[in-house]
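Working notes, structure below.
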Protein chains: 2
Amino acid sequence: MTALDIGVVRERSGLPASTLRYYEELGLIRSIGRNGLRRVYAGDVMQRLSFIALGRHAGFSLEEIGAMFAPDGRLSIDRDQLMEKADGLDKRIKQLTALRDGLRHTAKCSAPSHMECPKFQRLMRMAGKNPLRGRDAIV
Amino acid sequence: MTALDIGVVRERSGLPASTLRYYEELGLIRSIGRNGLRRVYAGDVMQRLSFIALGRHAGFSLEEIGAMFAPDGRLSIDRDQLMEKADGLDKRIKQLTALRDGLRHTAKCSAPSHMECPKFQRLMRMAGKNPLRGRDAIV
DNA sequence: CCTTGACTTGAAGTCGACTTGAACTTGTAA
DNA sequence: TTACAAGTTCAAGTCGACTTCAAGTCAAGG
């Protein structure tokens, strides 16, 4: 668990320094000192960044992710929260699967225009019933 | 295909008038006249709105969706584009499935802390390898 | 005839996750 | 020892999809 210069973290994680600073500002990672001006991060930073990436993939906001770290730096995710998220993903997976199959069908469908394909119409009707609002989580 | 007052469209679609005006401004729907001040939309507007909702669910931006309407108002989606999107969805579905299973396992896992669960670690490693950038399409 | 509520306009604001800009500092290589 | 790449700060900007605001208009009901 040796300390890591920000340059090293940038390189290993692929994230720009600006993002690392931003995450630090939000309290998602913490720097343990400086090397001259440069931030030096604690050795667990790579693990934390992976965790953040994972959280983002699962559809959590940075704020939510931040709340999963206990003050001592360990994880404190409640298992119910995970199950809830998993159930949410499950729903979304089903939606996406229907969508994927619908699109595939539509692409091959012999109807002269997509609008005339009954399956496509069904898809549209489904979508119309729950419009996505704003930048709404797509997951 | 009778004309529809914006109030009726708002009601049937569940979208606020502001959204309808916004969509019109972007050229996604067109009003065919006025009733006093009020916009009156062409009869196909509900279908168009459904299509827009479908496109959004599939992860297209409003701009991309706009490009799918030919100038005459008919759809002109190229079937390859649909297949491409379907393939994209497929990938995303696989990711989400792995994620869902991982979360479910983690929730039930007997490891004292999530970080100690090997499956969880594997998930993190996967996520770490392709961080989500910005407001990146989650789909 | 008058009120009212749902529309109208154009401009500005919001939200999340960053990025960019301007001005400055520093460890390291030449 | 001097140049330089890569950091630093703080404030402001960006992007997409809308929403909100202030001020005005109008069709329909009482």
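Each chain gets a letter, A, B and so on, in the order the sequences are listed, and its residues count up from 1.
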Look at all strands and tell whether Ile6(A) reaches a base, only sugar-phosphate, or nothing, counting heavy atoms closer than 4.0 Å.
sugar-phosphate
Here the distance between atom C1' of dG7(D) and atom CG of Leu15(A), to the nearest Å, is 17 Å
Regarding the side chain of Tyr22(B), the nearest nucleotide among dA17(C), dT9(D), dA17(D) is dA17(D)
inquiry  = Looking at Pro131(A), is its backbone amide N or carbonyl O close enough to the side chain of Arg56(B) to form a donor-acceptor pair, meaning the two atoms are under 3.5 Å apart?
reply    = no
Do Cys117(B) and His105(B) make a side-chain contact, defined as non-hydrogen atoms from C-beta onward lying under 4.5 Å apart?
yes
Taken to the nearest whole Å, CG/Leu37(B) to P/dT25(D) is 9 Å
Separation of dT19(C) atom P from Glu25(A) atom CD, nearest Å, is 13 Å
Side-chain contact check for Arg38(A): nearest option of dA17(C), dT20(C), dA6(D) is dA6(D)
Exactly one candidate in Val40(A), Leu4(A), Leu15(A), Ile29(A) meets side chain to side chain contact (heavy atoms under 4.5 Å, CB included) with Val9(A); the answer is Leu4(A)
Walking DNA chain D from its 5' end, the first of Glu63(B) and Asn35(B) to be reached, judged by nearest nucleotide, is Glu63(B)
Here the distance between atom P of dT25(C) and atom CZ of Arg39(A), to the nearest Å, is 16 Å
From the candidates dA17(D), dT9(D), dT19(C), the one with an atom nearest any side-chain atom of Thr19(A) is dT19(C)
Exercise for the section: Carefully, step by step, assess Ser113(A) and Arg74(B) under the rule side-chain contact (heavy atoms from CB on, under 4.5 Å). Expected result: CA-CA 9 Å; Ser113(A) 155; Arg74(B) 298 194 71 55; 4.0 Å; yes
From the candidates dT8(D), dT8(C), dT20(C), the one with an atom nearest any side-chain atom of Ser18(A) is dT20(C)
Looking only at dT20(C), dT8(D), dC18(C), the nucleotide nearest the Arg34(A) side chain is dT8(D)
Between CG of Asp5(A) and P of dA5(D) the distance, given in whole Å, is 18 Å
Taking the six-membered ring of Phe69(B), is NZ or CZ of Arg48(B) closer than 6.0 Å to its centre and within 45° of its axis? yes
Separation of dA17(C) atom P from Tyr23(A) atom OH, nearest Å, is 8 Å
Winner on side-chain proximity to Arg56(A), out of dT8(C), dC18(C), dC18(D), is dC18(C)
Assign each of Arg21(A) and Val40(B) the nucleotide of DNA chain C bearing its closest heavy atom; nearer the 5' end lies the nucleotide of Val40(B)
Glu24(B) atom CD is separated from dC18(D) atom P, nearest whole Å, by 15 Å
From CD1 of Ile65(A) across to P of dG16(C) the rounded distance in Å is 13 Å
